[in-house]
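What you are looking at is a predicted structure, and each value in this text was computed from that prediction instead of being measured. Throughout, a chain's letter reflects where its sequence line sits, starting with A, and its residues are numbered from 1.
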Amino acid sequence: MTVDRRQVLDNMIRIRVFEERCAELYGQSKIRGFLHLYIGEEAIAAAILPQLRSTDAFLGTYREHGHALIRGVPAGSIMAEMFGKATGCSGGRGGSMHLFDASRRFYGGNAIVGGHLPLAVGLALADTMANRSEVVTACFFGEGAMAEGEFHESINLAALWNLPVLFCCENNRYAMGTSLASSESQTDLALKASAYGLPAWTVDGMDPDAVAAATAKALTSIRGGGGPVFLECKTYRFRPHSMFDPDLYRPAEEVEEWKQRDPITAFAERLTLEGVVDADVVDAMWDAARDEVERAVVEAEAAPFESIDRLLDHVTTQVRS
Amino acid sequence: MTVDRRQVLDNMIRIRVFEERCAELYGQSKIRGFLHLYIGEEAIAAAILPQLRSTDAFLGTYREHGHALIRGVPAGSIMAEMFGKATGCSGGRGGSMHLFDASRRFYGGNAIVGGHLPLAVGLALADTMANRSEVVTACFFGEGAMAEGEFHESINLAALWNLPVLFCCENNRYAMGTSLASSESQTDLALKASAYGLPAWTVDGMDPDAVAAATAKALTSIRGGGGPVFLECKTYRFRPHSMFDPDLYRPAEEVEEWKQRDPITAFAERLTLEGVVDADVVDAMWDAARDEVERAVVEAEAAPFESIDRLLDHVTTQVRS
Amino acid sequence: MREGTTYREAMRLAIREAMIADERVFVMGEDVADYGGTYAVTMGLLEEFGPERIRNTPLSESGFVGAGIGAALGGMRPIVEIMTVNFSLLALDQIVNTASTLRHMSGGQFSVPLVIRMTTGAGRQLAAQHSHSLECWFAHVPGLKVVAPATVEDARWMLPAALADPDPVIIFEHSGLYPMTGSMGEGPVDLVSAAVRRAGSDLTLVASAGMVPKALAAADQLEMEGLSIEVIDLRSLRPLDRSALQRSVERTHRALVVDEGWRSVGLSAEVAASITESCFYHLDAPVGRLASAEVPIPYAKHLEEAAIPQVDDIVAAARMVLGGGMVRDGGIVHA
Amino acid sequence: MREGTTYREAMRLAIREAMIADERVFVMGEDVADYGGTYAVTMGLLEEFGPERIRNTPLSESGFVGAGIGAALGGMRPIVEIMTVNFSLLALDQIVNTASTLRHMSGGQFSVPLVIRMTTGAGRQLAAQHSHSLECWFAHVPGLKVVAPATVEDARWMLPAALADPDPVIIFEHSGLYPMTGSMGEGPVDLVSAAVRRAGSDLTLVASAGMVPKALAAADQLEMEGLSIEVIDLRSLRPLDRSALQRSVERTHRALVVDEGWRSVGLSAEVAASITESCFYHLDAPVGRLASAEVPIPYAKHLEEAAIPQVDDIVAAARMVLGGGMVRDGGIVHA
Ligand SMILES: Cc1ncc(C[n+]2csc(CCOP(=O)(O)OP(=O)(O)O)c2C)c(N)n1
Ligand SMILES: Cc1ncc(C[n+]2csc(CCOP(=O)(O)OP(=O)(O)O)c2C)c(N)n1
Ligand SMILES: [Mg+2]
Ligand SMILES: [Mg+2]
């Protein structure tokens with residue numbers, strides 16, 4: 001599958017605009033709880049998600065607004081969720097860390113680091129056992145998750161059973177304030193993953209073209225029955241871990257250096273140089289993204305809160321009468 | 001450190017005789033609960049444990065009679081433990097799977113597969129932080145444990161913090177009825193371990209000389225501050241997993257083939273050929289081992305049961321008055 | 001000819017029937033295949049259904065329980081076997097943080113139709129790490145359903161009911177009950193109601209799983225003293241059938257709860273509290289609790305037996321409640 | 001000048017003092033170092049004690065908790081920080097199968113002088129996977145000691161007592177209490193007794209951790225109606241100070257237990273059962289239980305607040321108990 005590079009740029013812009021607005025809304029107490037921004041890392045979701053089919057399954061972490069958006073969850077329903085509204089994509093129960101959309105095979109939004117990896121194995125197992133051919137389960141996680149036992153158990157199961165899983169590691173170099181080097185005895189993550197006997201590659205996660213190309217190769221292999229693939233995307237988060245993080249653990253210069261490599265700026269320049277877009281097109285993208293987000297905010301504002309009478313709904317399937 | 005090869009042979013014989021008697025005693029209901037025999041795997045404990053110092057720490061699995069014996073726990077107190085007697089090395093509370101001996105830094109006997117690996121990391125950390133130099137923590141586990149998340153987390157911690165741990169994998173090819181190939185996507189276990197960035201070697205676990213040599217090298221490196229080493233010893237258990245196992249999952253011929261490689265027979269032959277021992281010496285070893293075990297049985301038989309009034313002892317440190 | 005089936009066979013029959021009826025059903029766990037299951041429940045099923053559907057897993061409790069959740073989300077009907085509740089401690093993140101929360105967190109979009117079977121209980125001299133009775137932990141968690149078959153009939157029929165349920169159901173099989181024989185009955189059974197296993201009018205004895213046969217034996221013994229004991233088998237630990245307890249105690253005015261788990265903050269506390277709440281003005285004595293001594297289960301046979309409620313202990317505790325007294329707090333040390 | 005210290009600062013001071021006093025003491029956990037601790041409890045300690053003793057760990061709860069047990073066995077006095085009780089589900093095997101059993105299984109040869117600190121509680125819109133109150137699970141397990149500081153004084157002094165204890169001690173810090181200010185007192189404090197935080201004669205309100213300030217606020221409100229409410233802070237969840245509860249309820253004849261955990265098979269059940277056992281013939285009404293609604297904690301603020309006992313709910317439930325009625329079973333839905 002070839003990706004539409006203009007669409008990839010547009011995807012990145014949409015995520016950026018959406019999340020910058022989220023940060024503002026957090027400041028205004030419209031959004032509460034934990035809020036983890038993806039700003040700086042957009043190239044990954046923007047280049048991978050368009051290559052997934054609607055029949056594929058997708059799982060993300062608590063840093064998943066961007067993924068939800070590109071997977072097609074309407075901005076308004078994501079925003080409503082973060083406002084805690086009944087019309088949110090999780091009925092107001094989940095918030096920022098737990099966006100879900102069954103109609104898009106989007107299985108969340110998980111706030112336990114590594115906790116969704118076994119689910120990915122199971123979803124791929126179900127697809128395999130039900131002979132749903134060429135279906136892939138894509139599972140995104142941070143490099144911090146790789147130290148967890150659940151990573152080890154899951155990737156072994158997937159490789160052992162040759163399951164169609166794309167393991168996508170978003171290596172932004174920190175797990176909260178813990179650097180990769182203080183977390184993993186082996187910092188070459190693709191090498192580490194390859195010890196499980198599956199193809200494992202590293203790409204520059206700031207470069208959407210590189211991410212898209214590696215993904216295309218991985219998906220072809222997985223869809224063809226080649227079993228799971230591990231893809232490390234090297235990236236960086238420009239913002240603190242969450243809105244609570246004082247960001248004391250990394251030098252300001254390091255953050256600045258990485259910001260110089262802003263994937264949106266760089267990719268827009270590249271596409272402009274190549275004549276794929278021009279300044280007007282890019283401006284229009286920003287404008288459209290702002291429109292989309294403002295409409296989402298208006299929608300979220302206007303949406304109703306869930307009735308407290310329904311507090312006990314959705315615990316088990318039987319709804320209270 | 002050089003090992004005394006005669007002692008290694010003697011060690012193997014002592015374990016074998018002890019455990020064959022255990023099997024009989026199980027048949028007579030003197031020993032109950034789970035009983036996991038090490039028969040066939042003796043070369044490993046016999047060649048490694050003599051190289052440990054009394055200051056080193058040791059941790060084993062539920063298949064640890066041999067290890068306890070060679071570590072120096074008196075046969076009588078192990079036997080009494082399995083008889084459930086008050087004089088047992090765990091006061092009758094532990095049984096076969098939970099032999100302990102604080103005076104010998106023998107930290108058990110653990111019945112949760114992989115559960116003792118984090119303890120090994122912690123013990124080595126304590127030795128390091130307390131500047132007890134040249135002290136090693138030796139931790140034995142089966143190949144089945146390597147699929148557990150606790151393995152992954154522990155070996156990463158040990159390698160990351162450069163701790164003095166000898167990870168000794170007793171790869172007997174089965175975890176209960178599950179073969180290595182149906183458990184690990186990567187069946188080359190040393191390769192798998194090396195991905196954590198520590199030295200990882202494989203040796204023939206049926207050959208005490210090979211085990212001893214690799215161990216000596218590993219211990220020198222660890223004591224010298226080189227960090228943890230992973231040692232895979234390829235072996236085979238001649239008996240079913242436990243006394244409950246119908247042993248349906250492996251062909252009888254496979255078991256027979258391995259029995260042809262009985263480490264005791266082979267090593268006795270080698271030492272005889274090399275003139276290190278002769279038939280009389282070997283016979284005397286068997287006799288002495290039988291004596292030792294019979295004395296242990298008599299001692300265990302004669303020992304008292306714990307009073308039921310002391311049921312609640314040892315739950316927390318405060319003893320009931 | 002249905003008499004004489006064992007609890008183990010009933011369980012196996014239930015699995016087999018479910019697998020024949022619905023190809024989405026499969027079994028996954030450690031040594032369920034070639035080994036035939038640690039407790040031989042799945043013995044023979046590999047030959048019939050093959051390794052895809054009788055699926056052996058590596059030792060990775062968190063991984064394969066989570067994979068079961070994922071497979072359930074993906075449309076399958078997995079039966080995940082955790083060898084024993086002791087090892088489920090490695091999988092609790094998946095069970096509590098994922099299986100029990102997904103429906104709610106997603107605003108009702110996702111069901112997790114997963115069945116987890118595991119053995120529980122002590123009594124076989126397996127010592128502290130292999131003898132837990134932690135049903136109470138699971139019974140605490142909203143989003144889970146928790147059942148404990150204590151009869152051959154429930155061993156036969158709870159599984160199909162669990163598989164038909166759209167939510168995660170945990171089935172606790174007591175390892176001591178596998179050889180027990182009895183009638184399988186005709187089914188179906190529900191997963192929510194308690195059962196009166198023996199009617200009586202002087203005292204309500206509440207038990208579950210491995211304690212049910214002991215409670216029945218104690219009731220027989222007390223009958224010889226002219227006492228009429230009602231025995232209630234909880235069957236479902238979540239939800240608890242509180243009205244069945246209430247109905248019984250309103251008649252008998254006295255209750256004793258027997259639990260193989262530890263006493264403090266365990267199942268017996270909830271049953272006692274619930275009965276007291278609903279029957280306070282009917283009670284002639286405080287609800288008694290007889291639970292395991294608060295000690296990691298020791299290996300030695302006499303110590304293990306002393307730690308776990310035995311028939312004689314139940315008889316003694318019942319007499320205490322009938323005398324209006326309080327069953328001694330803390331572990332009972334047996335004569 | 002000791003007034004006005006926060007619970008967070010008190011905790012930090014306690015850690016710092018312990019580390020100065022005993023070089024065997026060290027802190028280990030996720031982001032305790034450069035980040036300063038998720039809740040900023042260890043902020044600044046890295047600079048003072050260095051990375052060996054303020055030891056950052058990878059994300060591997062089972063691994064580093066087990067390493068803490070091992071280090072304790074090896075003679076150190078580790079303070080292991082698990083960020084929140086939610087993640088402790090990944091470490092329960094180590095805590096329950098190892099830390100709590102080692103002493104017993106070894107016939108008393110080994111102690112595990114380990115302190116585990118973790119935060120608990122909801123109230124910050126962190127949703128279902130970050131809002132558990134699972135203290136009751138730990139309080140069920142023999143071999144563990146479990147405490148929950150609800151005051152600045154206990155935040156300051158429970159840690160040294162825990163470090164002096166030869167057995168594993170779990171300290172539950174309520175995340176909502178960190179900014180609370182108060183007096184640290186002079187210490188020491190014990191780890192076994194409950195404290196009467198407010199004397200009264202009409203009703204005993206029992207609470208722990210984050211529910212203590214709410215219970216006190218409710219008591220103040222009820223006082224304006226002329227009702228005299230005694231508030232007991234459990235402090236220690238294992239062992240429970242059953243005699244303190246008994247002494248109070250023998251005087252007040254009525255009790256209400258307030259718990260942030262779920263109701264069924266939770267801490268409130270044990271407290272209610274225990275009080276009923278010891279005070280049955282003194283009680284004028286069934287012991288009331290007010291606990292969180294049986295639902296994974298939802299994100300939306302109004303739903304989360306509705307799920308957790310609030311001051312008004314406590315007031316209403318207290319009136320109910322004082323009227324001799326039963327506090328409604330199951331989750332309370334707030335007006
Ligand atoms: C099991 C678990 N432990 C700890 C946490 C707290 N926590 C939340 S995010 C995070 C860092 C994760 O880092 P990484 O996997 O690299 O993802 P990133 O946030 O960098 O995208 C931590 C420690 C958690 N949510 N789950
Ligand atoms: C966590 C856990 N899961 C399952 C078991 C049951 N069990 C006991 S031994 C064993 C096999 C372990 O195999 P391996 O590690 O290879 O050691 P071996 O028995 O071959 O020496 C299993 C599955 C257990 N004790 N602990
Ligand atoms: Mg990261
Ligand atoms: Mg093995």
Most contact-rich option vs chain D, by heavy-atom pairs under 4.5 angstrom, among A:Pro246, A:Gly92, A:Ser307, A:Ala175, is A:Gly92
**Request:** Give a yes or no on this: more than 12 heavy atoms of other residues, nucleotides or ligands lie within 6.0 Å of atom CZ of A:Arg104.
**Result:** yes
(request) For the residue pair D:Leu90 and A:Glu148, establish whether any side-chain heavy-atom pair is separated by less than 4.5 Å. (result) yes
Pair count under 4.5 Å, heavy atoms only, with chain D: among A:Ile112, A:Leu248, A:Asp247, highest is A:Ile112
Does a side chain donor of either D:Asp31 or A:Thr178 reach within less than 3.5 Å of an acceptor in the other side chain? yes
Here the pair of heavy atoms bringing A:Ile308 nearest to D:Ala306 is CG2-CB, 3.8 Å
When the 4.5 angstrom heavy-atom criterion is applied to D:Leu89 and chain A, the contacting part is neither
Within residues 230-244 of chain A, the residues sitting under 4.5 Å from chain D by heavy atom, in sequence order, are A:Phe244
* Evaluate the side-chain proximity of D:Glu294 to A:Leu312: yes if any heavy-atom separation is below 4.5 Å, no if none is. => no
query = Taking the side chain as C-beta and beyond, is there a heavy-atom pair between A:Met176 and D:Tyr35 under 4.5 Å?
reply = yes
A:Phe34 and D:Leu126 have their tightest heavy-atom pair at N-CD2, 3.5 Å
Looking only at heavy atoms, the pair that brings D:Pro58 and A:Ala147 closest together is CB-CB, 3.7 Å
query = Is there a donor-acceptor contact under 3.5 Å from the side chain of D:Gln125 to the main chain of A:Arg32?
reply = no
Looking only at A:Lys85, A:Met82, A:Arg250, A:Glu150, most heavy-atom pairs under 4.5 Å shared with chain D are made by A:Met82
Whatever's closer than 4.5 Å to a heavy atom in chain D on A:Ile31 counts as both
Nearest heavy-atom contact between D:His130 and A:Ala111 is CE1-O, 2.9 Å
d(A:Ser96 OG, D:Tyr299 OH) to nearest 0.5 Å is 7.5 Å
Counting heavy-atom pairs under 4.5 Å with chain A, the top scorer among D:Pro298, D:Pro296, D:Ala128 is D:Pro298
One should read off an interatomic distance between D:Asp34 CG and A:Ser182 OG, to the nearest 0.5 angstrom, of 6.5 Å
When the 4.5 angstrom heavy-atom criterion is applied to D:Glu304 and chain A, the contacting part is neither
All heavy atoms of A:Gly144 vs all of D:Leu59, minimum pair found to be O-CD1, 3.4 Å
Cut-off 4.5 Å, heavy atoms of chain D, and the answer for A:Ser179 is neither
Applying a strict 4.5 Å limit to non-hydrogen atoms, the region of D:His302 in contact with chain A is both
Nearest heavy-atom approach of A:Leu311 to D:Ala293 is CD2-CB, 3.9 Å
Okay, A:Ala86 and chain D: the region with an atom under 4.5 Å from a heavy atom over there is neither
